[in-house]
Amino acid sequence: MNTLRIDRHGWLYQEVARPADIVKLATTQKPAQDSAVLETYQLARVSQSEQDSAATLNSHITSAAAGLRVRHCPSPNHDERVDKEAPYLLVIHNISLPPYVFGGPYIEQLFTNCLEVDHHPFFKEIQHLRVSAHFLIRRDGEIVQFVSADKRAWHAGASSFEGREACNNFSIGIEMEGSDFAPYEAAQYAALAQLSALLREHYTLRAVRGHEHIAPVRKTDPGPYFDWTRYRREAGWTWRELPGLGQ
């Protein structure tokens, strides 16, 4: 009912099936294809009218869509990948603005160069930064995209992976709204798992690391509260694709 896709320009979209299409499918096709189609077929048949069936199905679709939201907030802080190289590394970060405070518009403001520096003393320290990530996953699971995954977002800084420096050239960056001092939310893991699986398939990613693993002197995120075992299980990574865990 509710799926993610990446278009040919590297932007994430969410597709939700229309109730009219489902009712048409249920009333015109044989219901033996799978259990989901069978249930929809039976619901449409027992209703008093096709209109009633559509209304009932629409409520189910709305509920499903409410659990996954995608929004675009384009950032100017990006450029072309060197030689248009396809990314093969996924990097997980955390971020909160002000530090350890969740919610509010400040992460998006930072990534779009319009941070309201008078709103918190810390903002004056970072107002010079020109940074971005491809995606941000909010505490409620909302996915915000800032940069096409085909482009080079400015998220990793000085970094190295498998002896190769400048990870921005060959990676995709996902910010988790959070800190090193608080657990992440179930909705965030669910959104991260869906997004990671799609990116892995679309770009043939072969590894995932935390910012702490590619810039260990400078960075500590996503931090000790990020559950790599849960993430591996929900996103379908293998142990060898993760940062040396369980070995």
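Here the structure is a predicted model, which means the values were calculated and not measured. The figures that follow rest on heavy atoms only: side chains count, while hydrogens, waters and symmetry mates do not.
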Margin query: Between Leu199 and Ile174, is the side-chain contact (heavy atoms from CB on, under 4.5 Å) condition met? List the steps.
Written below: CA-CA 11 Å; Leu199 292 172; Ile174 301 178; 4.1 Å; yes

Note to self: Ring centres under 6.0 Å, that's the criterion: do Tyr189 and Phe226 meet it?
What the structure shows: yes

Checklist line | SB check Asp150 Arg8 (cutoff 4.0 Å) | finding: no

Check: Would you find a donor on one side and an acceptor on the other, under 3.5 Å apart, between the side chain of Gln14 and the backbone of Val70?
Finding: yes

Margin query: What verdict does the side-chain contact (heavy atoms from CB on, under 4.5 Å) test give for Phe146 and His78, after you've listed the backbone C-alpha separation in whole Å, the side-chain angles of each residue and the deciding distance to 0.1 Å?
Written below: CA-CA 9 Å; Phe146 297 92; His78 69 276; over 6 Å; no

Item checked: Electrostatic pair Arg164:Glu85 at N-O distance under 4.0 angstrom -> yes

Next item on the list: Indicate if Ile95 and Ile172 have the same hydrophobic cluster label, given that clusters are the connected sets of ILVMFWY residues with side-chain heavy-atom separations under 4.5 angstrom.
Entry: no

Margin query: Applying the salt bridge (charged side-chain N to carboxylate O under 4.0 Å, His left out) criterion to Arg206, which one of Glu201, Glu162, Glu241 satisfies it?
Written below: Glu162

Note to self: Return the CG to CG distance between Asn169 and Leu89, rounded to the nearest 0.5 Å.
What the structure shows: 11.5 Å

Item checked: Flag for Ser171-Tyr88: side-chain donor and acceptor within less than 3.5 Å -> no

Margin query: Please determine whether side-chain contact (heavy atoms from CB on, under 4.5 Å) holds for the pair Arg69 and Asp140, giving the CA-CA distance in whole Å, both sets of side-chain angles, and the decisive distance to 0.1 Å.
Written below: CA-CA 9 Å; Arg69 300 187 308 284; Asp140 63 358; 2.5 Å; yes

Item checked: Those residues that, when tested against Arg233, pass side-chain hydrogen bond (donor to acceptor under 3.5 Å, both in side chains) (two or more places apart) -> none

Next item on the list: Give every residue pair that meets the salt bridge (Lys or Arg N to Asp or Glu O under 4.0 Å) criterion with at least one member in residues 182-194, sequence neighbours excluded.
Entry: Arg139-Glu185

Notebook entry, point to check: For Asn77, what residues pass the side chain to side chain contact (heavy atoms under 4.5 Å, CB included) criterion, not counting sequence neighbours?
Noted result: Ser75, Asn113, Arg130, Ser132, Trp154

Next item on the list: Calculate, to the nearest 0.5 Å, the distance between atoms NE2 and OG1 belonging to His213 and Thr220 respectively.
Entry: 11.0 Å

Check: Can you list every pair that meets side-chain hydrogen bond (donor to acceptor under 3.5 Å, both in side chains) and has a residue in residues 94-112, with sequence neighbours left out?
Finding: Arg71-Glu108, Asn94-Asp180, Asn94-Tyr184, Tyr106-His119, Glu108-Arg138, Gln109-Glu116

Check: Ring centres of His72 and Tyr13 under 6.0 Å apart?
Finding: yes

Check: Sub-3.5 Å donor-acceptor pair from the side chain of His9 to the main-chain atoms of Trp11, do we have one?
Finding: no

Margin query: If the condition is side-chain hydrogen bond (donor to acceptor under 3.5 Å, both in side chains), which residues does Thr204 pass it with, not counting sequence neighbours?
Written below: none

Notebook entry, point to check: With no hydrogens and no angle check, is any side-chain donor or acceptor of Arg218 less than 3.5 Å from a backbone partner on Glu212?
Noted result: no

Item checked: Side-chain donor/acceptor of Ser159 to backbone N/O of Gly157, under 3.5 Å -> yes

Checklist line | Any donor-acceptor N/O pair, Arg209 side chain to Val91 backbone, under 3.5 Å | finding: no

Note to self: Holding to side-chain hydrogen bond (donor to acceptor under 3.5 Å, both in side chains), I want the full list of residues that pass it with His93, two or more places apart in sequence or in another chain.
What the structure shows: His155, His211

